[in-house]
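What follows is a short report on a single structure.
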Amino acid sequence: MKEIKMSEVRDDRQYTETHEWILDNGDGTYTMGVTDHAQALLGDMVFVELPSEGDEASAEDEFCVVESVKAASGVYAPIDLEVVEANEVLDGEPELVNTSCYDDGWLVKFKSDAIDGLMDAEAYGETLD
């Protein structure tokens with residue numbers, strides 16, 4: 001039987017049903033990554049395909065791919081957005097998604113008019129039970 005550890009869910013972020021987190025940077029931009037739960041399920045990351053600055057995505061569009069030793073998984077836009085920065089460090093260190101998913105392992109920064117309809121930490125945590 002495989003042991004499953006408790007996933008970290010931070011209170012300062014919002015979450016999607018597809019296990020992405022979003023942090024409001026307070027300047028009209030947001031930072032996004034995959035949750036601790038998602039990175040644990042995927043396993044060791046071996047590649048991250050990021051969008052480019054200026055790329056746009058509509059809500060629910062797949063716009064990034066994270067690839068682990070187990071599988072490749074799409075990362076979905078939680079809302080209509082425009083990428084303002086991609087975490088290029090992940091090109092050489094995709095394992096940062098595993099070791100620091102909420103800090104150094106972020107995927108993109110984006111701007112959007114508003115982020116509505118996402119879960120707070122408590123609601124997201126309940127989906128993991």
Side-chain angles (χ1 to χ4, degrees):
M1 178 179 293
K2 182 178 179 181
E3 182 178 332
I4 298 174
K5 73 170 197 161
M6 283 293 271
S7 297
E8 179 183 1
V9 179
R10 293 192 176 174
D11 290 337
D12 62 346
R13 289 143 213 265
Q14 294 184 289
Y15 297 88
T16 69
E17 293 179 0
T18 52
H19 307 289
E20 290 92 12
W21 58 260
I22 292 88
L23 177 66
D24 186 344
N25 297 319
D27 62 358
T29 67
Y30 302 88
T31 302
M32 178 177 167
V34 296
T35 66
D36 185 44
H37 178 76
Q39 68 79 23
L41 288 176
L42 288 166
D44 295 336
M45 294 294 161
V46 294
F47 181 73
V48 179
E49 181 182 331
L50 297 169
S52 300
E53 182 179 331
D55 284 357
E56 295 181 355
S58 297
E60 301 182 13
D61 283 355
E62 180 181 301
F63 76 112
C64 299
V65 175
V66 291
E67 186 175 334
S68 71
V69 294
K70 292 181 179 176
S73 181
V75 177
Y76 299 90
I79 52 177
D80 295 346
L81 59 83
E82 179 182 340
V83 175
V84 295
E85 184 179 353
N87 187 356
E88 302 296 338
V89 174
L90 297 177
D91 284 343
E93 300 178 65
E95 66 275 10
L96 286 175
V97 175
N98 296 113
T99 60
S100 183
C101 68
Y102 291 119
D103 296 308
D104 297 332
W106 59 274
L107 300 176
V108 297
K109 294 183 180 181
F110 65 89
K111 62 182 178 181
S112 184
D113 293 336
I115 56 169
D116 295 324
L118 302 178
M119 293 180 277
D120 63 16
E122 182 177 346
Y124 178 69
E126 290 174 2
T127 69
L128 303 179
D129 293 337

query = Going by heavy atoms in the side chains, are Asp80 and Ser58 under 4.5 Å from each other?
reply = yes
key: ILVMFWY network linking Phe47 to Val75, side-chain heavy atoms under 4.5 angstrom   = no
message = As an exercise, state the distance from CG of Asp36 to SG of Cys101, rounded to the nearest 0.5 Å.
response = 4.5 Å
key: Within 6.0 Å of CD in Glu88, more than 12 heavy atoms from elsewhere   = yes
query = Has the side chain of Tyr15 got a donor or acceptor atom that lies under 3.5 Å from a matching backbone atom of Gly125?
reply = no
request  = Determine, using the 4.5 Å side-chain heavy-atom cutoff (strictly less than), whether Leu42 and Trp21 are members of one ILVMFWY cluster.
outcome  = no
request  = Using the side chain to side chain contact (heavy atoms under 4.5 Å, CB included) rule, take Tyr30 and Ile115 through it: C-alpha gap first, then chi angles, then the decisive distance, then the call.
outcome  = CA-CA 9 Å; Tyr30 302 88; Ile115 56 169; 3.5 Å; yes
inquiry  = Please give me the minimum heavy-atom distance between Pro51 and Ala86, naming the atom from each residue.
reply    = O-CB, 3.4 Å
inquiry  = Distance check, rounded to the nearest 0.5 Å: Glu85 atom CD versus Thr31 atom OG1?
reply    = 8.0 Å
query = Under the side chain to side chain contact (heavy atoms under 4.5 Å, CB included) criterion, do Val66 and Val48 qualify, and how do the steps go?
reply = CA-CA 5 Å; Val66 291; Val48 179; 4.1 Å; yes
key: N/O donor-acceptor pair under 3.5 Å between Thr29 side chain and Lys111 backbone   = no
query = Does one hydrophobic cluster hold both Leu90 and Val46, with members joined at side-chain heavy-atom distances below 4.5 Å?
reply = no
request  = Evaluate the side-chain proximity of Leu118 to Glu20: yes if any heavy-atom separation is below 4.5 Å, no if none is.
outcome  = no
query = More than 12 foreign heavy atoms under 6.0 Å from CG of Asp12: is that the case here?
reply = yes
task = Following the transitive rule for hydrophobic clusters with a side-chain heavy-atom cut-off under 4.5 Å over Ile, Leu, Val, Met, Phe, Trp and Tyr, establish whether Val9 and Leu23 coincide in one cluster.
result = yes
message = Could you go through Val89 and Leu96, starting from their C-alpha distance and side-chain angles, then the distance that decides it, and tell me whether this counts as side chain to side chain contact (heavy atoms under 4.5 Å, CB included)?
response = CA-CA 9 Å; Val89 174; Leu96 286 175; 3.6 Å; yes
message = Just so I know, are the side chains of Pro78 and Met32 near enough to count as touching, which here means a heavy-atom distance under 4.5 Å?
response = yes
query = Is it true that Lys109 and Asp27 have a side-chain N and a carboxylate O under 4.0 angstrom from each other?
reply = no
task = Any chance you could lay out the side chain to side chain contact (heavy atoms under 4.5 Å, CB included) test for Asp24 and Ile22, step after step, and finish with the verdict?
result = CA-CA 7 Å; Asp24 186 344; Ile22 292 88; over 6 Å; no
ask   = Do the non-hydrogen side-chain atoms of Val34 and Leu107 ever get within less than 4.5 Å of each other?
value = yes
key: Arg13 side-chain N/O to Tyr102 backbone N/O, donor-acceptor pair under 3.5 Å   = yes
inquiry  = I'd like to check Asp55 versus Phe63 (side-chain heavy atoms, cut-off strictly below 4.5 Å). Are they in contact?
reply    = no
ask   = Can you tell me how far the CG atom of Asp104 sits from the CD atom of Glu93, to the nearest 0.5 Å?
value = 8.5 Å
inquiry  = So Gln39 and His19, do their side chains get closer than 4.5 Å, heavy atoms only?
reply    = no
ask   = Any side-chain donor-acceptor pair under 3.5 Å between Tyr124 and Thr35?
value = yes
Over all atoms of both residues, closest heavy-atom pair of Asn98 and Gly43 = ND2-O, 2.9 Å
Gap between atom CD of Glu53 and atom CD of Glu82 - 0.5 Å precision = 8.5 Å
request  = Count the heavy atoms belonging to other residues, nucleotides or ligands that lie under 6.0 Å from CD of Glu17, then report whether that count exceeds 12.
outcome  = no
ask   = Can you tell me how far the OG atom of Ser112 sits from the CD atom of Glu56, to the nearest 0.5 Å?
value = 10.5 Å
query = Do you reckon Val108 sits in the same ILVMFWY cluster as Val65, going by side-chain contacts under 4.5 Å, direct or chained?
reply = no
note = Residues Cys64 and Leu50: closest non-hydrogen pair is SG-CD2, 4.4 Å
ask   = Does a sphere of radius 6.0 Å around CD in Glu60 hold more than 12 heavy atoms from other residues, nucleotides or ligands, not counting ones at 6.0 Å or beyond?
value = no
